[in-house]
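Data first, discussion second: the structure below is written as structure tokens.
Computed over heavy atoms, backbone and side chain alike; hydrogens, waters and symmetry mates excluded. Positions are given from 1, in the same order as the sequence printed here.
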Amino acid sequence: MSGFLAGLCVAVLPLLAAGFWLGRRTARPESLGGLGTPVEHATFQTLHTASLAAPPLRAGLTEETARRSARRLRTLLGTDALCLTDQKQVLAWDGVGDHHRAEIMERLSGPLETGRGEAFRLNCDAPDCPLRWAVVAPLTVDDRVHGALVACAPRESAVLVRAAGEVARWVSVQLELADLDQSRTRLIEAEIKALRAQISPHFIFNSLAVIASFVRTDPERARELLLEFADFTRYSFRRHGDFTTLADELHAIDHYLALVRARFGERLSVTLQIAPEVLPVALPFLCLQPLVENAVKHGLEGKADKSRISITAQDAGAEALVVIEDDGAGMDPDLLRRILAGEVSPSGGIGLSNVDDRLRQVYGDDYGLVIETAVGAGMKITARLPKYQPGVHSASRRSEP
């Protein structure tokens, strides 16, 4: 879907450039500045102006984003005035003649209902107002009209009608991308909520049972475990930020393992090898803990003797390489593939598909989990985490509740 929208942007921009050039060439000839032909110069100017108008629109259609983008959009069209509206009001007006706001909103009922553009004459008695015509181009997202772009000019112009329509299509694409961004954010939040729900009720029950068993025999030990439990649940159910640091995630894993070791004692051996330089790396919240929980479950499943789990985090240049390995029951590779593809429910693979999906959403398909396993051969899970990724910043503070 996002690829289609990007392609549409590329297709629309040359048309914007042509409209921009036709409007500006007759109004205010400019020096080409060594950029080549007039069309090449217009294309450069259009791309530059569009790049400045796009970021506010990617946040959706509000008074603030409309205000920040209206002047750039008016520059694209070369008109005396331009306004952006939603279904109920003018969100932003740039240029002269803003006393036409009420008149324009009265005339928008038809275009907002039908989704079709329209041009009409403006009624104005002000002697110093140059505006006589308005061109309305609806802004649509998924076939729903969200508002309109209205370009106002001294005279009727077929070029302006077409150019306004193309600019409105480009704005609509930005709003649709904003809608996709918001949907992606809601999806990530829903996945985190789902992952929290996957934190095993059995783990919570067993942890509390272990703590209760120490209350009489070793009250100090019970107190320590209760604090570990409180810290782990506080981190797991925190409400701030989509991202955390590797240090904080490992800290939560340490609380989790303390509770597991209290229950299984010598049956579980955990080895950690962490490079200090990767501790500040930002990563999706609750990204590694489910992998460790999966390793504990599969490591102890069906085994009477000792189970070993190793957790390593290495510096790999531009990336941090995190490997979680157990020597447990393992899994049929074909079953694992179907779990990650969402074809079957993960009866034992706690959060694997959830974590894999979130890594791919944040970093791209090249950064999904790499899992090596076979029945009876344990499981090795590798996660590559870029040290820097646009938009990935941790707002967590360990001291926060």
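- Taking a cutoff of 4.0 Å between a charged side-chain nitrogen and a carboxylate oxygen, Asp326 and Lys297 do not qualify as a salt bridge.
- Applying the salt bridge (Lys or Arg N to Asp or Glu O under 4.0 Å) criterion to Glu319, with sequence neighbours excluded, gives Arg384.
- Annotation: salt bridge (Lys or Arg N to Asp or Glu O under 4.0 Å) contacts involving residues 84-112, sequence neighbours excluded, comprise Arg71-Asp94, Arg74-Asp94.
- For Ser157 (side chain) and Leu160 (main-chain N/O), a donor-acceptor pair under 3.5 Å exists by modelled atom type.
- Take Ala134 and apply the side-chain contact (heavy atoms from CB on, under 4.5 Å) test, not counting sequence neighbours, and it matches Phe120, Leu122, Val150, Cys152.
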Considering only distance and modelled atom types, tabulate donor-acceptor pairs under 3.5 Å from the side chains of residues 209-224, sequence neighbours left out.
from   : atom 1 : to     : atom 2 : distance (Å)
Ser213 : OG     : Val210 : O      : 2.5
Thr217 : OG1    : Ser213 : O      : 3.3
Asp218 : OD1    : Arg221 : N      : 3.2

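- Partners of Asp334 according to the salt bridge (Lys or Arg N to Asp or Glu O under 4.0 Å) rule, which considers only residues two or more places apart in sequence or in another chain, are Arg337, Arg338.
- By the side-chain contact (heavy atoms from CB on, under 4.5 Å) test, Asp80 pairs with Val96, Pro130, Leu131, Pro154, sequence neighbours left out.
- Take Pro386 and apply the side-chain contact (heavy atoms from CB on, under 4.5 Å) test, not counting sequence neighbours, and it matches Tyr363, Tyr367, Gln389.
- Annotation: side-chain contact (heavy atoms from CB on, under 4.5 Å) contacts of Gln314 (sequence neighbours excluded): Thr312, Leu321.
- Checking side-chain atoms of Lys387 against main-chain N and O of Ala320 turns up no donor-acceptor pair under 3.5 Å.
- Among residue pairs with one or both ends in residues 269-280, none qualify as side-chain hydrogen bond (donor to acceptor under 3.5 Å, both in side chains); sequence neighbours excluded.
- Judged by distance alone, with hydrogens and angles left aside, the side-chain atoms of Glu249 form a donor-acceptor pair with the main-chain N or O of Leu288 at under 3.5 Å.
- No donor-acceptor pair closer than 3.5 Å links the side chain of Thr382 to the backbone N or O of Val323.
- The list of ring pair (Phe, Tyr, Trp, His ring centres under 6.0 Å) pairs with a residue in residues 53-93, not counting sequence neighbours, is empty.
- Listed by first and then second residue, the salt bridge (Lys or Arg N to Asp or Glu O under 4.0 Å) pairs that reach into residues 108-123 come to none, sequence neighbours excluded.
- Residues satisfying the side-chain hydrogen bond (donor to acceptor under 3.5 Å, both in side chains) criterion with Arg132, sequence neighbours excluded, are absent altogether.
- Arg358 places a side-chain N or O within 3.5 Å of a backbone atom of Phe285 that can act as its donor or acceptor partner.
- Distance alone, capped at 3.5 Å, places no donor-acceptor pair between the Thr79 side chain and the Leu82 backbone.
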